[in-house]
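When a residue number appears, it is its place in the shown sequence, counting from 1.
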Amino acid sequence: MACPQCGHQNKPGNKFCASCGYNLGALQSQPPAAPAPAAAGGSVASVLLTALRADGSEAGNYPLPDGQAITVGRDTGSIFAGDSYLSPRHATFTRRGNQLFIKDEASLNGVYLKLKPNAPWPLVFGDVFRIGQEIIRFEELVGQGNSPDGVKRLGSPAKGYIGRLALVIGRDTTGNAFPIPESGVHCGRERGDILFSEDGYVSGLHCRIAKGDDGNVYLTDVGSSNGTFGRLKQEHPLIAGDVLLMGQQLFRVDF
């Protein structure tokens, strides 16, 4: 049996993929996705989610019924069943006329949209994005203030910085943090100001965070191999070909 996530050929009866650990047992126990109901005039649903492997090949698809809101997640089964990082109700797709929208249903691990190369994505404090296996939050630099007895705290000067990038290593926990100067920073595996040298999914030079001419802060993918993903905070419009990261899986939206 071929793993739908990494493509590894597993022996019959394997409950988990021997290569990536994908839950094959949950996938086998789910009935196949039912075909989408026919729309008026006999046409089938026009929205299709296609799961993508790391090499870009297709690993299965799930047709969304047309003309209504459809919630997907681990309870949906089909291509979603084996991913334990998906919430039972993870996201909702809604079609309004010719426009398709996606909304995160307060999932634990979020819904991420793959950014277009060299297209600035606006960042505000609290926004989260992902490069390779790194989950990063853009945070405001806030001083701790004086102690209860009025003593001023010593610290490195924060003047000239527009915020910081903090690695998210748990639901409410951050690890290393990196200040962002007015000139901005580049992130990458081999080149840049902030390096993730042990993450093979991060490109040599991956993305940039800097102020734009309008004074706002932007995240820009600089042509990375695996892409930069911004976490969606509210309902967001989609266009055909958009790629979403949910749980451990990539999905291309075709309509």
Side-chain angles (χ1 to χ4, degrees), residues 102 104 106-237 242-246 250:
I102 186 170
D104 184 355
S107 65
L108 178 62
N109 293 312
V111 176
Y112 292 81
L113 175 69
K114 186 176 183 180
L115 309 185
K116 301 294 188 290
N118 301 307
W121 174 269
L123 284 180
V124 298
F125 295 129
D127 280 356
V128 175
F129 63 95
R130 180 169 176 170
I131 61 173
Q133 295 181 313
E134 314 301 323
I135 299 176
I136 304 169
R137 183 164 58 230
F138 176 50
E139 297 182 341
E140 185 177 8
L141 284 173
V142 179
Q144 291 182 306
N146 297 345
S147 69
D149 57 0
V151 178
K152 293 184 177 181
R153 300 177 188 271
L154 286 172
S156 300
K159 186 177 181 180
Y161 292 101
I162 60 177
R164 70 175 189 174
L165 300 180
L167 297 184
V168 179
I169 58 176
R171 183 171 177 83
D172 299 306
T173 308
T174 54
N176 292 342
F178 309 90
I180 308 172
E182 290 280 352
S183 57
V185 294
H186 280 90
C187 299
R189 190 180 73 254
E190 300 169 347
R191 294 175 290 146
D193 308 285
I194 302 173
L195 301 181
F196 303 98
S197 57
E198 297 186 4
D199 190 335
Y201 294 97
V202 175
S203 292
L205 188 64
H206 200 105
C207 66
R208 173 175 170 80
I209 300 93
K211 272 189 175 182
D213 294 337
D214 58 2
N216 295 318
V217 179
Y218 293 91
L219 166 67
T220 306
D221 183 277
V222 294
S224 66
S225 298
N226 294 314
T228 300
F229 295 80
R231 183 167 181 172
L232 302 178
K233 297 184 295 184
Q234 54 192 358
E235 189 175 61
H236 187 83
D242 273 348
V243 174
L244 301 171
L245 174 63
M246 295 188 288
L250 291 174

Enquirer: Can you name the closest pair of heavy atoms from Leu115 and Gly230 and give their distance?
Expert: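 So the two residues come closest at CD2-N, 4.0 Å.
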
Enquirer: Under the side-chain hydrogen bond (donor to acceptor under 3.5 Å, both in side chains) test, which residues partner Asp199, sequence neighbours left out?
Expert: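 Residues passing side-chain hydrogen bond (donor to acceptor under 3.5 Å, both in side chains) with Asp199: none at all.
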
Enquirer: For the residue pair Asn118 and Val222, what are the closest heavy atoms and their distance?
Expert: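 Shortest heavy-atom contact: OD1-CA, 3.7 Å.
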
Enquirer: Side chains of Asn109 and Met246: closer than 4.5 Å at any heavy-atom pair?
Expert: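 Sidechains of Met246 and Asn109: no contact.
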
Enquirer: Any non-hydrogen side-chain atom of Leu250 less than 4.5 Å from a side-chain atom of Leu245?
Expert: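 Counting from C-beta outward, Leu250 and Leu245 do come under 4.5 Å.
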
Enquirer: Start with the C-alpha distance between Ser147 and Asp149, add both sets of side-chain angles, then the distance that settles side-chain hydrogen bond (donor to acceptor under 3.5 Å, both in side chains), and finish with yes or no.
Expert: CA-CA 5 Å; Ser147 69; Asp149 57 0; 2.3 Å; yes

Enquirer: For Ser224, give me all partners under side-chain hydrogen bond (donor to acceptor under 3.5 Å, both in side chains), at least two apart in sequence or on another chain.
Expert: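 Ser224 satisfies side-chain hydrogen bond (donor to acceptor under 3.5 Å, both in side chains) with His206, Asp221 only.
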
Enquirer: In a table with atom names and distances, give each donor-acceptor pair under 3.5 Å that connects a side chain of residues 180-190 to protein atoms at least two apart or in another chain.
Expert:
unit_1 : atom_1 : unit_2 : atom_2 : d
Arg189 : NH1    : Val202 : O      : 2.3

Enquirer: Shortest non-hydrogen contact from Lys211 to Ile162?
Expert: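 That would be CE-CG2, 3.6 Å.
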
Enquirer: Got a sec, which residues hit side-chain hydrogen bond (donor to acceptor under 3.5 Å, both in side chains) with Lys116, two or more places apart in sequence or on another chain?
Expert: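 side-chain hydrogen bond (donor to acceptor under 3.5 Å, both in side chains) list for Lys116, sorted by chain: Asp242.
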
Enquirer: Would you name the heavy atoms of Ser203 and Asn226 that are closest together and state the gap between them?
Expert: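 Reported closest heavy-atom pair: OG-N, 4.4 Å.
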
Enquirer: Ignoring hydrogens, what is the shortest heavy-atom contact between Ile136 and Leu167? Give both atom names and the distance.
Expert: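 Looking at all heavy atoms of both residues, the closest pair is CG1-CD2, 3.7 Å.
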
Enquirer: Show the nearest heavy-atom pair for residues Gly212 and Tyr218, with the distance to one decimal.
Expert: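 Shortest heavy-atom separation between Gly212 and Tyr218 comes out as N-CD1, 3.8 Å.
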
Enquirer: Roughly how far, to the nearest 0.5 Å, is the CD1 atom of Ile209 from the CG atom of Leu123?
Expert: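 Atom-to-atom, Leu123:CG and Ile209:CD1 are 7.0 Å apart.
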
Enquirer: Would you indicate whether the side-chain heavy atoms of Asn146 and Val151 approach each other to under 4.5 Å?
Expert: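 A side-chain contact is absent here, since even the closest heavy-atom pair is not under 4.5 Å.
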
Enquirer: Report, as yes or no, whether the 6.0 Å neighbourhood of atom CZ on Phe178 holds more than 12 heavy atoms from other residues, nucleotides or ligands.
Expert: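 It does: Phe178 CZ has more than 12 such atoms within range.
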
Enquirer: Can you tell if the side chain of Pro120 reaches within under 4.5 Å of the side chain of Thr220, non-hydrogen atoms only?
Expert: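 Yes - at least one pair of side-chain heavy atoms lies under 4.5 Å apart.
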
Enquirer: Mind checking the CG-CZ spacing from Asp104 to Arg231? Nearest 0.5 Å is all I need.
Expert: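 The CG atom of Asp104 sits 6.0 Å away from the CZ atom of Arg231.
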
Enquirer: Could you go through Trp121 and Thr228, starting from their C-alpha distance and side-chain angles, then the distance that decides it, and tell me whether this counts as side-chain contact (heavy atoms from CB on, under 4.5 Å)?
Expert: CA-CA 10 Å; Trp121 174 269; Thr228 300; over 6 Å; no

Enquirer: My understanding is that only residues two or more places apart in sequence, or in another chain, count here; which of them pass ring-ring contact (aromatic ring centres under 6.0 Å, His included) with Phe138?
Expert: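 Testing Phe138 for ring-ring contact (aromatic ring centres under 6.0 Å, His included), a comparison that skips the adjacent residues, returns Phe125.
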
Enquirer: Cut-off 3.5 Å, no hydrogens considered: what does the side-chain donor-acceptor table look like for residues 127-134, sequence neighbours left out?
Expert:
unit_1 : atom_1 : unit_2 : atom_2 : d
Asp127 : OD1    : Lys233 : NZ     : 2.7
Asp127 : OD2    : Val124 : N      : 3.0
Arg130 : NE     : Gly132 : O      : 3.0

